[in-house]
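Step one of this worksheet: look at the structure below.
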2 protein chains.
Amino acid sequence: MTTFTPSQVVERTGFSLDTLRYYEREGLIGPIERTAGGRRTYRQEHLDWLDLVKCLRDTGMPISDLKLYTALSNDATTLNERLDLLERHDREVQASIDQLLEQQNHLREKIAWYRGQVGGGA
Amino acid sequence: MTTFTPSQVVERTGFSLDTLRYYEREGLIGPIERTAGGRRTYRQEHLDWLDLVKCLRDTGMPISDLKLYTALSNDATTLNERLDLLERHDREVQASIDQLLEQQNHLREKIAWYRGQVGGGA
DNA sequence: GCTTGAGCTGGAGTGCACTCCAGCATGCAC
DNA sequence: GTGCATGCTGGAGTGCACTCCAGCTCAAGC
């Protein structure tokens, strides 16, 4: 069974060593097995999980929600709750995309105005 | 000339009183005129400016860049620099929209998977 | 003229998500 | 078997953008 050292996980996930340890402390990822010497040995399933964590963090899910989601994931009877959580999050992501697009329009109007000023002054 | 009290500005811009004062301290908006008693009296141009500030903040421009942009706006010869700043920001906004859309795809795949599980278990 | 609410100041406090550090252990490379 | 990179822990520190607070002044209504 392939395992990964902390630095390999850093390389593959883009999280820093400190962030990986922080997430483990916070319960965003289950306790990672250790070598006899105490070093963490990650497995493929951890990398997969961290990809999901990255997706959710990058879309703005707070640590507290991720903590909840992780806890739910340890109980096979919580599929509906997890689905709810992700659907709610999806709606929030959609809302922030919409808001970003709307504000981008204002921004581009402003840019167009500046271009008129700059071009007109030539 | 119409003027606005601080609480009217709160209502119209959505910024809190404390945030308005913080922005003024930080130089994101020029010093606001005062009444004899020391109360701020905002004018329409301030509301317009605050709309732009809101647009830029909501799209993630840091306070430090807004500070710079505000400083540049007090010098009529800086049109090109301001345009540059906004264009750079627009590219960053586009990048975060793109990234959000991409991560939203992953999220929706996960949601679809959950729906399969939940539906399949019925 | 007094009450009540809005506003003032300077400075301290908050919440979030990391990030850094000291001091120590481990492990592979030679 | 020693040197150096990697990793460990607990806890302190950071950066950002506010947000709150005490103690005070001001203004409008009755």
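In the text below, chain A, chain B and the rest are named by the order of the sequence lines, each starting its count at 1. All of these numbers come straight from a predicted model, not from anything done at the bench. Hydrogens, waters and symmetry mates are skipped; everything else that's a heavy atom, side chains included, is used.
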- Message: Do the side chains of Asp51(B) and Lys54(B) get close enough for a salt bridge, i.e. N-O under 4.0 angstrom?
- Response: no
- Message: Any donor-acceptor pair, under 3.5 Å, between the side chain of Asp18(B) and the base of dC18(D), if you only look at N and O atoms?
- Response: no
- Rounded distance (Å) that lies between atom C1' of dT19(D) and atom CZ of Phe15(B): 15 Å
- Message: Taking 4.0 Å as the cut-off, does a side-chain nitrogen or oxygen of Ser7(B) come that near to OP1 or OP2 on dG7(C)?
- Response: yes
- Query: Under 4.0 Å between a side-chain N/O of Ser64(B) and OP1 or OP2 of dC16(D), yes or no?
  - Reply: no
- Query: Nearest-Å distance, CG (Leu20(A)) to C1' (dC18(C))?
  - Reply: 12 Å
- Message: Could you tell me how far apart Tyr22(B) (OH) and dC21(D) (C1') are, to the nearest whole angstrom?
- Response: 18 Å
- Query: Are side-chain N/O atoms of Gln94(B) and Asp90(B) paired as donor and acceptor at under 3.5 Å?
  - Reply: no
- Hey, does the side-chain of Arg39(B) have a donor or acceptor N/O within less than 3.5 Å of a partner on the base of dC8(C)? no
- Message: When you compare the side chains of Asp48(A) and Gln44(A), does any donor N or O come within less than 3.5 Å of an acceptor on the partner?
- Response: yes
- Message: dT25(D), OP1 or OP2 - any side-chain N/O from Arg34(B) closer than 4.0 Å?
- Response: no
- Query: dC16(D) P sits how many Å from Asp65(B) CG, rounded?
  - Reply: 11 Å
- Query: Where the side chain of Arg25(A) is defined as all heavy atoms beyond and including C-beta, which of dG11(D), dT9(C), dA17(D) is the nearest nucleotide?
  - Reply: dG11(D)
- Message: From CZ of Phe4(A) over to P of dG7(D), roughly how many Å is that when rounded to an integer?
- Response: 14 Å
- Quick one: is Thr35(A) getting a side-chain N or O under 4.0 Å of the dG27(C) phosphate, OP1 or OP2? yes
- Given Tyr23(A) and Ile63(A), is the side chain to side chain contact (heavy atoms under 4.5 Å, CB included) satisfied, shown in steps? CA-CA 9 Å; Tyr23(A) 284 179; Ile63(A) 299 291; 3.8 Å; yes
- Item | Under-4.0 Å side-chain N/O to phosphate OP1/OP2 contact, Arg21(B) with dT9(C) | no
- Message: Rounding to an integer number of Å, can you tell me how far Lys54(B) NZ sits from dA17(D) P?
- Response: 14 Å
- Considering just the side-chain nitrogens and oxygens of Arg40(A), establish if one lies under 4.0 Å of OP1 or OP2 belonging to dG7(D). no
- Message: Using side chain to side chain contact (heavy atoms under 4.5 Å, CB included), reason through Thr2(B) and Arg43(B) one step at a time and then give a plain yes or no.
- Response: CA-CA 7 Å; Thr2(B) 316; Arg43(B) 284 182 285 105; over 6 Å; no
- Message: Taking 4.0 Å as the cut-off, does a side-chain nitrogen or oxygen of Ser16(B) come that near to OP1 or OP2 on dC18(D)?
- Response: no
- So which nucleotide from dA17(C), dT9(D), dA17(D) ends up closest to the side chain of Ile63(B)? dA17(D)
- Rounded to the nearest angstrom, tell me the gap between atom CD in Glu26(A) and atom C1' in dC16(C). 11 Å
- Task: Whole angstrom is fine here: how far is it from CE in Met61(A) over to C1' in dC16(C)?
- Result: 16 Å
- By nearest-nucleotide position on DNA chain C, the 5'-leaning member of Tyr23(A) and Gly37(A) is Tyr23(A)
- Phosphate OP1/OP2 of dC18(C) contacted by Arg57(A) side-chain N/O (<4.0 Å): yes
- Query: Short question: side chain of Thr41(A), backbone of Thr35(A) - any donor-acceptor pair under 3.5 Å?
  - Reply: no
